[in-house]
2 protein chains.
Amino acid sequence: MNATKTPSPPPERKRGLGARLVYDLLRDEILDLVLPPGSPIDEVQLAERFEMSRTPIREALVRLAGEGLIATLPNRSTMVANLDFLNMAPFFDALTLMYRVTGQLAARNRRPEDLEAIRARQAEFSAAVAAQDALAMIATNAAFHAAIAEAGRNPYFNSLFSRLLDEGRRFLRLYYQSFEDRLPQRFVDEHEAMIAAIEAGDAETAERLGKAHAEQIVVQIRKLVIGEQRLDIAL
Amino acid sequence: MNATKTPSPPPERKRGLGARLVYDLLRDEILDLVLPPGSPIDEVQLAERFEMSRTPIREALVRLAGEGLIATLPNRSTMVANLDFLNMAPFFDALTLMYRVTGQLAARNRRPEDLEAIRARQAEFSAAVAAQDALAMIATNAAFHAAIAEAGRNPYFNSLFSRLLDEGRRFLRLYYQSFEDRLPQRFVDEHEAMIAAIEAGDAETAERLGKAHAEQIVVQIRKLVIGEQRLDIAL
DNA sequence: AGCCGCAATCTTGTCGACAAATAATATGCA
DNA sequence: TGCATATTATTTGTCGACAAGATTGCGGCT
């Protein structure tokens with residue numbers, strides 16, 4: 001007989017990749033709001049879903065908590081971190097500054113292979129815009145700016161910028177409706193201008209374009225959520 | 001009989017604090033170079049030392065790895081991250097910018113309780129200088145600037161700045177000899193000037209002082225290790 | 001003697017189970 | 001009926017053990 005379910009032949013998972021697997025997947029689901037802010041995270045449920053023990057799941061959760069993507073109350077439940085709309089001004093301050101800095105550094109330190117990578121991301125972004133795929137637009141836009149940051153070669157700025165871009169993905173996923181029709185092409189054009197400045201090594205222009213690009217996003221979102229005071233550093 | 005070691009009555013550790021305990025301690029030991037860069041980290045050894053299972057130790061290590069304080073090769077050994085002297089220019093760029101930004105934001109957003117905290121840290125720093133305690137000087141100096149960042153109330157900048165100050169603690173721990181005699185009092189004075197500007201709400205001065213303070217540190221360390229290009233954002 | 005391959009050992013990643021802490025439910029009393 | 005308390009249940013933190021990879025040491029071969 002043995003009409004019960006088969007003993008599930010070991011899925012032949014490679015050793016040492018379990019945590020990374022669930023980390024990557026959970027991260028994407030959080031950033032794309034498949035898991036909306038406040039969603040409860042159940043370890044055993046994830047363990048069943050990924051067909052592994054709780055240990056690698058917990059490792060992934062610890063890493064996600066370290067990046068501020070999930071919040072964990074000690075001895076109590078853990079859930080997806082919620083983005084608080086009251087503190088959006090600090091977010092925009094940091095995002096704008098990172099746009100400026102990474103643009104400037106990229107113009108100074110870029111190498112041929114960096115430009116290749118940046119152009120590849122821009123192509124993906126452009127394709128997503130053409131396809132009206134909002135989710136892909138958001139993800140590829142973040143990847144584009146991350147590529148610029150990479151060209152700047154400052155790991156400290158890069159890690160902060162990555163975190164900000166992650167948060168931005170969640171924000172945009174909430175509000176992308178307002179971008180649907182008119183903004184995308186403008187973004188594509190601004191991206192092209194940034195690439196040109198970076199390729200020319202024009203640090204000042206790259207910084208200015210980065211700032212303007214950030215302002216575009218900020219004013220767009222601020223129409224929906226109110227932030228008050230803005231950082232104005234050495235304007 | 002029973003001349004062997006007693007069965008070690010359970011050390012009555014509280015639940016859920018195991019990981020935090022070893023995390024805090026390991027972190028301090030890494031930042032104070034008690035564990036120098038490159039030191040191998042042995043899980044079982046730590047498990048014996050803290051008298052707990054490997055599970056909470058691994059959780060602490062994952063968190064430390066997330067902050068870049070330890071490097072872990074998959075399926076191979078894990079060791080204390082080494083600070084590379086080739087990439088010190090990016091570090092100084094980021095540090096200088098964060099000094100400026102946090103100073104400016106603190107001048108804008110400070111509250112009475114923030115000034116209390118800042119002054120308390122400054123007092124500790126001053127005491128460490130008077131006592132010629134290099135290790136305490138380094139730690140309290142970092143705490144002073146972290147307090148300023150707190151007053152700025154931008155969690156994104158704060159997390160990056162904390163990471164930079166951590167790295168700085170390790171650098172300074174390596175080179176503090178050059179600071180022994182002449183620099184400390186200057187730092188104390190500059191700190192006082194920064195406090196005054198922050199209390200007065202003078203954002204521009206606070207930023208300028210922060211930049212100057214950072215430059216002091218940079219030129220001092222650059223006498224020892226060579227970095228070349230510097231970020232010059234909207235001077 | 002030097003190099004290659006095999007065996008033994010060590011370290012890490014994963015697992016299942018247990019225990020503590022909290023949340024949920026039921027029970028007793030006013 | 002409503003509230004306080006006790007009991008159950010769920011969930012997290014911890015543990016000891018096992019197995020896969022990797023490292024080291026040994027032995028054999030050219």
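Residue numbering restarts at 1 for every chain, and letters A, B, ... go by the order of the sequence lines. Because the structure is a prediction, the values reported are computed rather than measured.
Both Thr72(A) and Pro74(B) lie close to DNA chain D; mapped to their nearest nucleotides by heavy-atom distance, the more 5′-ward contact belongs to Thr72(A). Both Thr55(A) and Ser77(B) lie near DNA chain C, and the one whose nearest nucleotide falls closer to the 5' end is Ser77(B).
Nucleotide dT12(C) holds its P atom 17 Å from the CD atom of Glu59(B), rounded to whole Å. Rounded to an integer number of Å, the gap from Asn75(B) CG to dT23(D) C1' is 12 Å. Taking atom CZ on Arg54(A) and atom P on dC18(C), their separation rounds to 14 Å, with Å as the unit. Across the protein-nucleic acid pair, Met79(B) atom CE and dT23(D) atom P stand 14 Å apart, rounded to whole Å. As a whole-Å value, the separation of Lys14(A) NZ from dT14(C) P is 14 Å. Atom CZ in Arg15(A) sits about 5 Å away from atom C1' in dT12(C), given to the nearest Å. Atom CG of Leu73(A) and atom P of dT11(D) are 15 Å apart (whole Å). Look at CZ on Phe50(A): it is 17 Å from C1' on dG13(C), rounded to the nearest Å.
Ser159(A) and Arg163(B) share a side-chain donor-acceptor pair at under 3.5 Å.
Residues Ile195(B) and Phe144(B) meet the side-chain proximity criterion, which asks for heavy atoms closer than 4.5 Å.
Between Phe91(A) and Phe171(A), the distance separating the two ring centers is shorter than 6.0 angstrom.
We find the CG-CG distance between Leu95(A) and Leu160(A) to be 9.0 Å, quoted to the nearest 0.5 Å. For the atom pair CZ (Arg121(A)) and CG (Asn141(A)), the distance works out to 12.5 Å, reported to the nearest 0.5 Å.
Taking side-chain N and O atoms only, Arg76(A) has a distance below 4.0 Å to OP1 or OP2 of dA23(C). Side-chain nitrogen and oxygen atoms of Arg58(B) include at least one within less than 4.0 Å of the OP1 or OP2 phosphate oxygen of dG13(C).
For CD of Gln45(A), the number of neighbouring non-hydrogen atoms (other residues, nucleotides, ligands) closer than 6.0 Å is 12 at most.
In this structure, Asn75(B) and Arg15(A) approach most closely via the heavy-atom pair OD1-NE, 3.2 Å.
For the segment residues 39-49 of chain B, residues with any heavy atom less than 4.0 angstrom from an atom of DNA chain C are, sorted by number, Ile41(B), Asp42(B), Glu43(B).
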